[in-house]
Amino acid sequence: MFFASDNGGPAAPQIIDAIAAANTGYASAYGNDDLMESVTQKIRTMFEAPEAKVYLVATGTAANALGLATLTQPWQTIYCHRVAHIEEDECGAPEFYTNGAKLGLVNGVDGRMDPAALESAINYTARAGVHNVQKGPLSITNTTETGTVYTLDHIRALTKIAKSAGIPVHMDGARFANALVSLGCTPAEMTWKSGIDVLSFGGTKNGCIGVEAVVLFNPDLAWEFELRRKRGGHLFSKHRYLSAQMDAYLTNDLWLKLATQANDMSAYLAQEIANIDGTSFVHPTEANMIFASWDRAGHRRAQNAGAYYYFWPSDHSLDGDDDEKLAARLVCNWATTKDDIDQLIHHIKG
Ligand SMILES: *Cc1c(COP(=O)(O)O)cnc(C)c1O
């Protein structure tokens, strides 16, 4: 009954097999391995972007911070949602790698930025004189941090504002696959065809061990990105093991199959929770994360039986009034089973 995060799940066997298969003989270091060439070709084909430049790093924080740094001057603002991962969970890495850029927080329900709020934030910055931070890139997370998905219309409403302000757009796709299968669109539609310039393309949470791709749809940014990755200590020397993971992830649609499994389990879990009296949802379930409330007694039974998940916010306690409703964040991953879910539901019900 592990629902704390999708990064607590195991790596898919195909990824482990690919690493073992890559572990023979010699391969050029630092991204010059043959598997990396294959990864680049696969991503260019998938994204219908023959010019795109593709780089691998081992963490999503590095992908975001390095990708954003290539788009941002130190005196600029990066616009993002108030609960964006770059704001809440990266220990200031975007600020550090950009050499001190500011994050401009934008409100919006269910983890999605409200276009009007983005526009007014940009307009406010645009008053800028020499005393003020200047406008800089927009960063959109899809799947959002609250488990919702920006539709293509949502994305385009935001990127249109960014483009008319002359600012570039980054997408944090730590859960890109979950959003994509939820929307049923193409990778190109969710990115460059909707105005995305730089993508952090997640692998880790969806069945890899540790690999994320940075996709630069504008190849002019490539050299600067390469220098920043090296200088930031994120250019792997035994790179073939990153390449092997990403190559297997993209082979035979594995990445889509894994995300579909996680999303399907999440839909099943949401349906089972909805069937329990007195439960309610904090955010709609659109990908592989569920935000729901039920009474403390149910949480106590589930957690005492070994269910592992975070309260939302995380400082709720099991001590207190039995009937008080407390919200939880439950995350499914590719390996989540119906049995895990049935057990959890059984204990919540009591
Ligand atoms: C997990 C996650 C990341 C990457 O986190 P790392 O721990 O650095 O790999 C980035 N963005 C979002 C939205 C995430 O959920």
Side-chain angles (χ1 to χ4, degrees), residues 2-11 15 55-69 78-98 103 105-106 108 110-113 137-150 154-155 158 169-180 182 190-191 196 198-215 229 232-234 236 242 245-246 249 255 258-259 262-263 266 283 285-291 309-310 312-314 329-334:
F2 186 98
F3 296 94
S5 179
D6 30 10
N7 55 19
I15 303 293
Y55 299 100
L56 301 182
V57 291
T59 72
T61 299
N64 286 341
L66 292 169
L68 283 166
I78 298 166
Y79 302 97
C80 64
H81 194 276
R82 178 164 296 281
V83 301
H85 199 270
I86 59 172
E87 159 68 5
E88 300 221 319
D89 298 298
E90 299 189 359
C91 196
E95 294 91 330
F96 178 68
Y97 278 91
T98 56
L103 299 190
L105 306 182
V106 177
D110 294 327
R112 287 184 282 244
M113 274 178 269
L138 165 65
S139 179
I140 300 174
T141 309
N142 216 18
T143 306
T144 72
E145 287 77 1
T146 59
T148 56
V149 173
Y150 284 98
H154 286 136
I155 297 170
L158 297 173
V169 187
H170 163 257
M171 178 174 278
D172 177 350
R175 298 189 179 89
F176 186 89
N178 304 92
L180 192 81
S182 170
M190 210 170 101
T191 55
I196 306 300
V198 172
L199 169 68
S200 302
F201 176 79
T204 309
K205 283 183 172 135
N206 192 33
C208 295
I209 293 176
V211 68
E212 315 276 311
V214 177
V215 184
R229 179 177 60 162
H234 283 284
F236 261 52
L242 293 186
Q245 293 176 65
M246 187 54 76
Y249 186 61
W255 65 297
L258 297 174
N263 285 12
S266 194
H283 301 293
T285 305
E286 298 177 353
N288 66 322
M289 292 191 279
I290 289 159
F291 294 77
Y309 55 82
Y310 292 110
W312 195 259
S314 58
R329 182 189 87 152
L330 303 166
V331 188
C332 295
N333 73 94
W334 70 273

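Indexing begins at 1, ligand by ligand and atom by atom, following the structure's order.
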Q) Which residues satisfy the side chain to side chain donor-acceptor pair (under 3.5 Å) test with T148, sequence neighbours excluded? A)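 T148: side chain to side chain donor-acceptor pair (under 3.5 Å) contacts with T144.
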
**Q.** Residue contacts for ligand 1, heavy atom to ligand atom, distance under 4.0 Å
**A.**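 Shell around ligand 1 (4.0 Å, heavy atoms): T59, G60, T61, N64, H85, E90, T141, E145, D172, A174, R175, K205.
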
Q. Rounded to the nearest 0.5 Å, how far does OG1 of T146 lie from CG of D110?
A. 5.5 Å

**Q.** Side-chain touch T204/E212, heavy atoms, less than 4.5 angstrom
**A.**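 Side chain of T204 against side chain of E212, heavy atoms only: contact under 4.5 Å found.
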
Q: Sequence neighbours left out, what passes salt bridge (Lys or Arg N to Asp or Glu O under 4.0 Å) with R229? Give chain and number order.
A: none

Q: Return yes if some donor-acceptor pair links the side-chain N/O of E95 with the main-chain N/O of L103 below 3.5 Å, else return no.
A: no

Counting only pairs under 3.5 Å, give me each side-chain donor-acceptor contact of residues 57-67, with atom names and distances, residues two or more places apart or in other chains.
{"unit_1": "T59", "atom_1": "OG1", "unit_2": "A62", "atom_2": "N", "d": "3.0"}
{"unit_1": "N64", "atom_1": "OD1", "unit_2": "H170", "atom_2": "NE2", "d": "3.4"}
{"unit_1": "N64", "atom_1": "OD1", "unit_2": "S200", "atom_2": "OG", "d": "2.7"}
{"unit_1": "N64", "atom_1": "ND2", "unit_2": "E90", "atom_2": "OE2", "d": "2.9"}
{"unit_1": "N64", "atom_1": "ND2", "unit_2": "D172", "atom_2": "OD2", "d": "3.0"}

